[in-house]
Amino acid sequence: MAQCRSRLCLVAFFLFSVMMMISSVPTAEAKLGIHFHKWEVKYAYKSPDCFKKLAITINGDSPGPTIYAAQGDRVVVTLTNTLPTENVAVHWHGIRQIGTPWSDGTEGVTQCPIMPGDSFTYEFVVDRAGTYLYHAHYGLQLSAGLYGFIIVSVPLHGVPEPFVYDKDRSIILKDWYHATTYEQSTSLSSIPFGWVGEPQSLLINGRGRFNCSLLNAPSSDHSEICEAKIPECSPYSLTVVHGETYRLRIGSLTSLSALSFQIEGHNMTVVEADGNYVEPFQTKNLYINSGETYSVLVTADQDPSRNYWITTNVVSREPSTPTGLAIFNYYPNHPHKYPPTAPTTGPLWNDTASQLAQSRAIRAHHDFVQPPPPRSDRVIVLLNTQNLIDGYNRWSLNNRSLTLPHTPYLIALKQNFTDAFDQNPPSYDIANYDISKVPDNVNATSSNAVYRISFNTTVDIILQNANTMTPGSSETHPWHMHGHDFWVLGYGSNKFDMVKDPATYNLVDPILKNTVALYPYGWTALRFRTDNPGVWIFHCHIEPHFFMGMGIVFEAGVEMVGTLPTSIMGCGETKRLINP
Ligand SMILES: *[C@@H]1O[C@H](CO)[C@@H](O)[C@H](O)[C@H]1NC(C)=O
Ligand SMILES: *[C@@H]1O[C@H](CO)[C@@H](O)[C@H](O)[C@H]1NC(C)=O
Ligand SMILES: *[C@@H]1O[C@H](CO)[C@@H](O)[C@H](O)[C@H]1NC(C)=O
Ligand SMILES: *[C@@H]1O[C@H](CO)[C@@H](O)[C@H](O)[C@H]1NC(C)=O
Ligand SMILES: *[C@@H]1O[C@H](CO)[C@@H](O)[C@H](O)[C@H]1NC(C)=O
Ligand SMILES: *[C@@H]1O[C@H](CO)[C@@H](O)[C@H](O)[C@H]1NC(C)=O
Ligand SMILES: *[C@@H]1O[C@H](CO)[C@@H](O)[C@H](O)[C@H]1NC(C)=O
Ligand SMILES: [Cu+2]
């Protein structure tokens, strides 16, 4: 308690005390909800887009089961890894893990991997209502299908949400690859480099449609592995009653694709983003990046004698993946009756201006504004580049491509294992860097150094985009922060100007988010408070980009973290902690 001077710290301490009480007094469980889940992570044959392949499932399902809880509840997930040869770890995306940094589920950062045959228990409090996600945080296992929703409701006597609706529904979006994670990771880490390419299908609630005829080359018979007629790959159908308003929780856990989402003939009102209330605005197309969640309100107010298309399309990269389809079904039409119209194709993939316009339209709801501190104590500029390291294709921040150490940072930092990772913090000056051209020297170095940041301070991060190793090319990157939400202070479409651009920041009603887009050749400015003791990763949510080193790790207040559970140990130097 002596060290606990901030309100958040007190809240964390309170929650911790409550948790301790609950553990010793089982009868208290009914009051504060506790949700126990038993998950078996295993391979199973799945045909989500009609093409049969092995997917990583939870209890046989992909997407996995939705975790429902009320704000303040505790979630306990005991996971058993029954993959024959692969490790696993699961991240609770958007849950800040206040007081439980060891449950963040980030292999190499907050825990050792869960080995085949082993079990691990994640335990954390969901401290805020909203729409969150979970997914694998080991290798490329997200692309193999380990993903799902966490939906946190307002507690019985909590502050009501600033909008009303009749029904609550959810839609999770995914891009789907036919190659295995082994094939993908091998080609990404080979010379010559092999890119994963565009996905074969887009899935809406785990259902998509691949054109099986594309496989039926005369020389091979793939009829067993791709079957267009099976129910497993018939489009998802969302049944609505005319006149009712639906809250649609939309989450994306794509490996690569940024998406647009639309419901034919219906507008959507955006009301929530990443667990924070949005000043409502209307849109026909919702842009959504991997790692983002939105709630939109949709009123079923169109001609109810027919069904409508729900569609999702690739944006930001030139698409070669067909539109993802689902059915907006007006009761009592048959849920699987196709709409009489051709599916809408959505906005132009390269209309960055309208994506940027949506990003700028997302402001905090006027009744829920938490203004950011007016100034920051530290500014970190991160130049995003594509590089070569010893001939391997990588992504770097400030010329450093992240490699994770054998000893997870949280344990190494807490135990003062100074030899576990590179002790030289990266420093870099991008003043003379020309973001518009292929760098003169694309060589960079890999690093597992940590940004050590003072606890209880305000930090700005300026994400600066640049040209890739291909002339005339700069990509969109969705950046995701663990353990914190950040205020989105602004976006720009060129090189950040340290003098002029901060004057354009929105310090009045910026949205708090955990994932934000960095657009081609542009910058995105964020501010956050280091109010959650631990070691956290901040990374591009495009899975192959993160695999190729696109992330940084930062530490703040690690000395305030409570005793680490031994269950997170067992790898690298941590072996000696559990085998005295
Ligand atoms: C954190 O900083 C705020 C404002 O600077 C200060 O009022 C508070 O006491 C600090 N809390 C801790 C735990 O240091
Ligand atoms: C599926 O692919 C075949 C072979 O290329 C093509 O003839 C057919 O038009 C495609 N069907 C659809 C619905 O795109
Ligand atoms: C959707 O919104 C646009 C612009 O606000 C409006 O012109 C259009 O009529 C709306 N469509 C429906 C179906 O409400
Ligand atoms: C967008 O891409 C299309 C091809 O898909 C191209 O014809 C068009 O010129 C591009 N527009 C811009 C603004 O780059
Ligand atoms: C980059 O690295 C490669 C191999 O490590 C080396 O052959 C090449 O000369 C380097 N390029 C420059 C411009 O330094
Ligand atoms: C690590 O170092 C800090 C600061 O020097 C010290 O307070 C702490 O006790 C050390 N922890 C361990 C496990 O040695
Ligand atoms: C990045 O690293 C390369 C190779 O070490 C070096 O040539 C280049 O100048 C560095 N870039 C900057 C902006 O420091
Ligand atoms: Cu990226």
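Just the heavy atoms: all of them, side chains too, but no hydrogens, waters or symmetry mates, feed the values below. Sequential numbering from 1 along the given sequence is applied to the chain's residues. Each ligand, and each atom within it, is numbered from 1 in the order the structure gives.
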Considering only heavy atoms of Glu318, which atoms of ligand 4 have at least one such atom less than 4.0 Å away?
5 (O)

From atom 13 (C) of ligand 4, work out which of Leu348, Thr352, Asn350 has a heavy atom at the shortest distance.
Asn350

Would you give the angle at the Cu ion (ligand 8) between Cys540 atom SG and His477 atom ND1, to the nearest 10°?
130°

For the residue pair Asn443 / Asn387, report whether a side-chain donor-acceptor contact shorter than 3.5 Å exists.
no

Ligand 7 to Asn399 polar contact by distance, N or O atoms, under 3.5 Å
yes

Do Asp49 and Cys233 come within less than 4.5 Å of each other through their side chains, counting heavy atoms only?
no

Could you verify whether a donor N or O on one side chain and an acceptor N or O on the other, from His484 and Asn514, lie under 3.5 Å apart?
no

Got the closest protein heavy atom to atom 4 (C) of ligand 7, with its distance?
Asn443 O, 3.2 Å

Is atom 9 (O) of ligand 7 close to the protein, meaning a heavy atom under 4.0 Å from it?
no

Before we go on, tell me: are the rings of His541 and His539 under 6.0 Å apart, centre to centre?
yes

Report yes if the SG atoms of Cys50 and Cys212 are separated by under 2.5 Å, and no otherwise.
no

Would you say Asp429 and ligand 7 have an N/O pair spaced under 3.5 Å apart?
no

May I ask you to identify the nearest protein heavy atom to atom 5 (O) of ligand 4, giving residue, atom name and distance to one decimal place in Å?
Trp349 NE1, 2.9 Å

Salt bridge or not between Arg529 and Asp485? Use side-chain N to carboxylate O under 4.0 Å.
no

May I ask you to check if any N/O/S atom from His541 comes under 2.8 Å of the Cu ion (ligand 8)?
no

